[in-house]
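The structure appears right after this line, and notes come after that.
In what follows, chains carry the letters A, B, and so on, assigned in the order in which the sequence lines appear, proteins first and then strands, with residues in each chain numbered from 1. Model, not experiment: these values are computed from the prediction.
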Amino acid sequence: MKFTKTLAAAAAMGFALAGAATAGSHGGPVKAGFIYVGPIGDLGWTWTHDQGRLAVEAEFGDAVETSYVESVPEGADAERVMTQMARSGVDIIFTTSFGYMDPTINVAENFPDVAFEHATGYKRSENVSTYSARFYEGRHVIGLVAGAMTETNKIGYIASFPIPEVVRGINAAYLAAKSVNPDVEFKIVWVYTWFDPGKEADAANALIEQGVDVIMQHTDSPAAMTIAEEKGVFAFGQASDMSSFGPNAQLSGVLDVWGPYYVERVRAVMDGTWESTDTWHGIGDGMVGIAPFSDKIPADVQAMAQAATDALAAGTLHPFTGPINKQDGSVWLADGEIADDGTLAGLNFYVEGIDGELPN
Amino acid sequence: MDFSSLNAVAMIVLLIGAATPILLAAIGELVVEKSGVLNLGVEGMMIIGAVTGFIAATTTGSPMLGFVGGAIGGAVVSMLFAFLTQYLLSNQVATGLALTMFGLGMAALIGRNYNGIKPPRAERLDVPGLSDFPILGELLFSHDPIIYFSIVLVFAVWWFLNRSRAGLVLRACGENHDAAHSLGYNVQLIRFGAIMFGGACAGLGGAYVSLIRVPQWTEGMTAGVGWIALAIVVFASWKPWRVILGAYMFGGITILQLSLQALGISISGAYLSMTPYVVTIVVLVIMSADRKRASLNAPACLGRSFHASH
């Protein structure tokens, strides 16, 4: 599978380059390239990044030229695709998955004149910026809703890979759910893929079989939402509003809004003011959105979730405020202490109360 | 650890759902390979079947017509492969890989307007009395019709290959196409037919994914099932019965590891996740350990182009 994906990516690059190679990189439009981990049609993660790309096109019109390659496997293959893209005279490249971190750093070394923007990673250099959204703020909100809505007190969580981003989401959702429902229990299934609708659906079924009545996911397809709708349980949209797949099942969702950031960064390249930065925006900056609350959520719960959303936006609430213990019972955050960004960026442990072992 | 909440019957029902697309695609590919053709485009034919089946089902409102549409879609796209490899004598490996890429792109294109639509639901079998029978009823009499069809299909393929004259001719094409040709059989036409059968089966498997396993259309949703099906054919050493074994084992371990995680078993998910693949590799190694026997099983002309020069 990996092999054909590579070929597909190579073929796609061929087409992209055929169009891009004719125009020079100076004087002409600014060229922005995007590398996606899944297909645009996943209607989740990759789709939202492509919405960001379209926002750049809408903002600058003819002054910008964008290109993208879909379904690029993380790892060595990504390096090759990035190299080809950089060679074709692209001015700024957005690499939109955690697994592109080392490839991005490696390729950026060879192309000092190209600006690189890596999503959700933590390694930067002269010409590599990182950016991510504080999705855990959104997870806090849907965690509150989930905790209030579950009747079996079992919440299912379909997780992709054990990286800080995903672990943060689990912890944030758990703490929020626990705060409104002390009996809540999380059942976490690791599927080791970002996008495999069949496996995501199987995981949802397996969770429902264990008595889960609210499902959260950190994978990219709407498969779990479809299964939730079919089985009559609740779920949350991931990255985009997935209510068309689960009109009865979707309670809310965490939305990714990349457009404004992409526009800002491309503008910086145009103005010649681009420099390596580290951006981590949340609900307040508009990078994280909350999908409309379903009318199945009682008014008081909606009000509570909305209040939390507003407080997060205003910066008066932080999902990781002590006292919080680690899973092993040792103290992580003392009373009133707020987790610093450095710790959050590398979060690699469950908080107290979550069952199961965090895979390495 | 408390296993009591692990519902074995529900797990088996899930397992069968996960295994059926693999089973359908693999049994089709088995016939193709028995005729001496290696079609690596299973994934591409499946995704085409997934989208055409989905479109057929949502526009007609009938899940059964959806499955027919999936099979037709898979068969039509496989004709492209058949024409290229049988009449233009293109390289089968390269053409098969191209077919996969073509299928993935084509499916994305024609499925553009079908995101977020709910397909009509295939009715499950409901035999009065039997389906409500505890455990056995749920295990044997409560599935969707395609699952029964897939088992019958395996039996039919076994019968066709081993008990019918036409099956003997097809196998002859796969074992020694020159001999089959000298006896007056049209090797290219027979292989063309086998490839179309394989395409229809793969398309049906794809439609199963988009209509039952994950009732929705999403780009690239088969996510590598076609490659598993190809591996299962080798795993089964080209024997229809073993295809069932292979597909159900792969599906079973996948479901088992997800269910164990949902149950909260403290084995690292990473190990559980890799087990289906590890077990497949181990079995492949065991089966191919005796090189003579392994090569006896593989059709002798597998992957070789045939050109009637005399």
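- Contact annotation: the side chain of B:Ser259 never approaches that of A:Glu209 to less than 4.5 Å [non-hydrogen atoms, C-beta and beyond].
- Ranked by heavy-atom pairs under 4.5 Å with chain B, the list A:Ala203, A:Ala224, A:Ser244, A:Gly198 is led by A:Gly198.
- A:Lys199 NZ to B:Thr254 OG1: the interatomic distance, rounded to the nearest 0.5 Å, is 6.5 Å.
- Between A:Ser221 and B:Met221, every side-chain heavy-atom pair lies at or beyond the 4.5 Å cut-off.
- Nearest heavy-atom pair, A:Ile227 versus B:Arg213, reported as atom, atom and distance to 0.1 Å: CD1-O, 3.7 Å.
- Put simply, CD1 on B:Ile212 and CD on A:Glu230 are 9.5 Å apart, with the number rounded to the nearest 0.5 Å.
- The CG atom of B:Asn115 lies 10.0 Å from the CH2 atom of A:Trp47; values are rounded to the nearest 0.5 Å.
- Both the backbone and the side chain of A:Leu207 come within contact range of chain B, each with at least one heavy atom under 4.5 Å from a heavy atom of that chain.
- Counting heavy-atom pairs closer than 4.5 Å to chain B, the top-ranked of the candidates A:Ala159, A:Ala201, A:Ala206 is A:Ala206.
- For the pair B:Ala262 and A:Lys187, the tightest heavy-atom approach, listed with the atom from each and the gap, is O-CD, 3.0 Å.
- Of all heavy-atom pairs spanning A:Pro197 and B:Val214, the tightest one is O-CG2, 3.5 Å.
- For chain B, no part of A:Asp355 is nearby; none of its heavy atoms comes within less than 4.5 Å.
- Note on B:Pro215, B:Gly226, B:Ala10: by heavy-atom pairs under 4.5 Å with chain A, the leading option is B:Pro215.
- Distance alone, capped at 3.5 Å, is enough to place a donor-acceptor pair between the B:Gln261 side chain and the A:Trp190 backbone.
- Considering all non-hydrogen atoms of both residues, A:Phe195 and B:Gly220 come closest at CE2-O, 3.5 Å.
- When A:Thr193, A:Asp196, A:Asp202 are compared by the number of non-hydrogen pairs under 4.5 Å with chain B, A:Asp202 comes out ahead.
- Proximity to chain A (any heavy atom under 4.5 Å) is restricted, for B:Arg121, to the side chain, taken from C-beta onward.
- Neither the backbone nor the side chain of A:Glu200 comes within contact range of chain B, judged by heavy atoms closer than 4.5 Å.
- Under the 4.0 Å criterion applied to side-chain N and carboxylate O atoms, A:Glu229 and B:Lys118 are not assigned as salt-bridge partners.
- The two residues A:Pro39 and B:Glu219 have their closest heavy-atom pair at CB-OE1, 3.4 Å.
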